[in-house]
Trainee: 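The structure under discussion is supplied below as structure tokens; questions concerning it will follow.
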2 protein chains.
Amino acid sequence: MTRAPQVKKSEVTRQHLLDTALALFRKRGFDATTMRDIAVASGLALGTAYYYFPSKDALLFAFYAANQVATEARVRSYPAGEPLRARLGRLFHDRIRDVAPNRTLLGALLPRQVNPGDPVSALSRESAEVRARAIALFEAAIAPEGMSIATRALAARALWVLHLAILAYLASDRSPAQRKSHRLVDDALDLAVPLLALAGTPAVTPLLAQVTAMLQRADLMTLARR
Amino acid sequence: MTRAPQVKKSEVTRQHLLDTALALFRKRGFDATTMRDIAVASGLALGTAYYYFPSKDALLFAFYAANQVATEARVRSYPAGEPLRARLGRLFHDRIRDVAPNRTLLGALLPRQVNPGDPVSALSRESAEVRARAIALFEAAIAPEGMSIATRALAARALWVLHLAILAYLASDRSPAQRKSHRLVDDALDLAVPLLALAGTPAVTPLLAQVTAMLQRADLMTLARR
DNA sequence: GTCTATAACATGATAGAC
DNA sequence: GTCTATCATGTTATAGAC
């Protein structure tokens, strides 16, 4: 009696469709690639593509989620005990490298981040889980610094927003090997890391409390479960 | 001999189309309003609508430009000699009031700001003029504070970005009379104005130079003519 | 449950006649 | 300048084959 296959046939087809779609997106851009193109290139019918991905956006979202998983895997292999600057630099630079091959997809994905009502947005209900996990990466990175819980929550969100801004920059960065984006990361961290150190001191506690109060009134601290 | 009409017929038709479109956008939202809806409601053919506005986005852009003009007109009537906080508050709150009736349009317009390649983006070549004029409003508002030219340029851009962020927030703000957005403005200015005062002191000059250098390397200071 | 073939629809956009 | 006809594409629907 032969063993049942480890992966379901449907999972193979789904992955095949996603891979084909990503390859086409990379080659021709998101908008220029039609669902019919994807179906034909996959050797499947249009209806099949829609059977697995209810919309073209669903393909975008699948890329987004898969990418988050890839970055998490990388992070698990990071050496422990590195200083903050090195750890954040590693995280940001790796994130750029993970995303860069699909850089053109960012052009389709990032604009839609702005609208929390858009399911594809990192601010939406639908992506709450992915977002929470992304923020958790930054929380973990700064955890050893021994700030208060409130400060750490604020700092992690700030870093997450910075990382979105860097990705927005990356989306239109045409410099070879995305040098400009990497440079921007270094410059930004040169500024941010000393500020993070400052954020741990009691002197700025009132200021941080003011910022937190503002964000809470605006419902912007509850990102993790909006 | 009768006088030739002051305004060309084509200009009347164009304005009629734009007014009709904005009314529909307000009532049903941008996405839910089709070009056919606009043409029918205007009593014109679909092709005619496209003759005047080469795309649905062009209608968005026309709204954006007209709005900038409206805000500029308001600003010209501001009293002179007000303290910085009052002046900025007036500017931000008025901007919200100007935009609020077309709030749903923001949902369509703002996401696209992120992509500088998008003509509708405030970062694009096409909107360079509107953007320069928007930044100029903030430059003028802080001009009496007597900072160095470099500091003023940086501060004006920071305020412009803050104003975009506020508009992004406004786009999904469903509180009555947009109270939350107005509150966010006050909270943000409570934070920003003291920082602006700080920015005028020599102590922070090196920090500002560092920020400026970063933005210049990333081509982000040349916003006005990218 | 997986996939095909085919048609049809809605809508942004374009072409060409008048 | 204005119209009608037409296209391209995201999406839905149907009727099945295996």
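In what follows, every chain begins at residue 1, and chains take the letters A, B, ... in the order their sequences are listed.
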Trainee: Is the shortest distance from a Lys or Arg side-chain nitrogen in B:Asp98 or B:Arg95 to a carboxylate oxygen in the other one below 4.0 Å?
Mentor: no
Trainee: Give a yes/no on whether any side-chain N or O of B:Lys9 is located under 4.0 angstrom from OP1 or OP2 of D:dT2.
Mentor: yes
Trainee: For A:Arg183 and A:Asp186: C-alpha separation, side-chain torsions, deciding distance, then whether salt bridge (charged side-chain N to carboxylate O under 4.0 Å, His left out) applies.
Mentor: CA-CA 5 Å; A:Arg183 178 67 204 248; A:Asp186 286 329; 5.9 Å; no
Trainee: Considering only side-chain heavy atoms of A:Ala45, which listed nucleotide, D:dC3, C:dT4, D:dG1, is closest?
Mentor: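 Between D:dC3, C:dT4, D:dG1, the one nearest the side chain of A:Ala45 would be C:dT4.
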Trainee: Is any side-chain N or O of A:Tyr51 closer than 4.0 Å to OP1 or OP2 of C:dT2?
Mentor: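 Result: yes.
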Trainee: Check the side chains of A:Thr33 and A:Arg28 for a donor-acceptor pair under 3.5 angstrom, ignoring hydrogens and angles.
Mentor: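 No - no donor-acceptor pair under 3.5 Å links their side chains.
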Trainee: Roughly, in whole Å, what's the span from CG in B:Asp37 to C1' in C:dT11?
Mentor: 10 Å
Trainee: Got a list of protein N/O to nucleotides 13-17 of chain C N/O distances below 3.5 Å?
Mentor:
| from | atom 1 | to | atom 2 | distance (Å) |
| --- | --- | --- | --- | --- |
| C:dA13 | OP2 | B:Tyr50 | OH | 3.3 |
| C:dA13 | OP2 | B:Lys56 | N | 3.0 |
| C:dA13 | N6 | B:Arg36 | NH2 | 3.4 |

Trainee: Figure out the CG/P separation between A:Leu44 and C:dG1, and round it to whole Å.
Mentor: 18 Å
Trainee: Scan A:Thr33 against the nucleic acid and name what it touches under 4.0 Å (heavy atoms): base, sugar-phosphate only, or nothing.
Mentor: sugar-phosphate
Trainee: Just by distance, no angles: are the side chains of B:Glu72 and B:Gln68 close enough, under 3.5 Å, to form a donor-acceptor pair?
Mentor: yes
Trainee: Is any side-chain nitrogen or oxygen of B:Thr48 closer than 4.0 Å to OP1 or OP2 of D:dG1?
Mentor: no
Trainee: Using modelled atom types only, decide if a donor and an acceptor are shared between the side chain of B:Tyr169 and the backbone of A:Ala218 within a distance under 3.5 Å.
Mentor: yes
Trainee: Does A:Thr34 place a side-chain N or O at less than 4.0 Å from the phosphate oxygens OP1/OP2 of D:dT9?
Mentor: no
Trainee: Which heavy-atom pair separates A:Ser121 from A:Gln113 by the least distance, and what is that distance?
Mentor: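 Scanning both residues completely, I find the closest heavy atoms to be OG-O, 2.8 Å.
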Trainee: Do the rings of A:Phe138 and A:His163 sit parallel, tilted or perpendicular, given the 30° and 60° boundaries?
Mentor: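 The arrangement is tilted - the two ring planes meet at 30° to 60°.
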Trainee: Tabulate below the donor-acceptor pairs under 3.5 Å that side-chain atoms of residues 102-110 of chain A make, not counting sequence neighbours, or state none.
Mentor:
| from | atom 1 | to | atom 2 | distance (Å) |
| --- | --- | --- | --- | --- |
| A:Asn102 | OD1 | A:Arg26 | NH1 | 2.7 |
| A:Arg103 | NH1 | A:Ala171 | O | 3.4 |
| A:Arg103 | NH1 | A:Asp173 | O | 2.9 |
| A:Thr104 | OG1 | A:Phe25 | O | 3.3 |

Trainee: Show, in sequence, the C-alpha distance, side-chain angles and deciding distance for A:Leu159 and A:Leu91, and conclude whether the side chain to side chain contact (heavy atoms under 4.5 Å, CB included) test is met.
Mentor: CA-CA 11 Å; A:Leu159 286 169; A:Leu91 187 50; over 6 Å; no
Trainee: Whole angstrom is fine here: how far is it from NE2 in B:His16 over to C1' in D:dT2?
Mentor: 14 Å
Trainee: Check every atom of D:dG1, D:dT4, C:dT4 against the side chain of B:Tyr52 and return the nucleotide holding the closest atom.
Mentor: D:dG1
Trainee: Near DNA chain D, which residues from residues 17-31 of chain A have a heavy atom under 4.0 Å away?
Mentor: none
Trainee: Does B:Ser10 place a side-chain N or O at less than 4.0 Å from the phosphate oxygens OP1/OP2 of D:dG1?
Mentor: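 Yes, such a contact exists.
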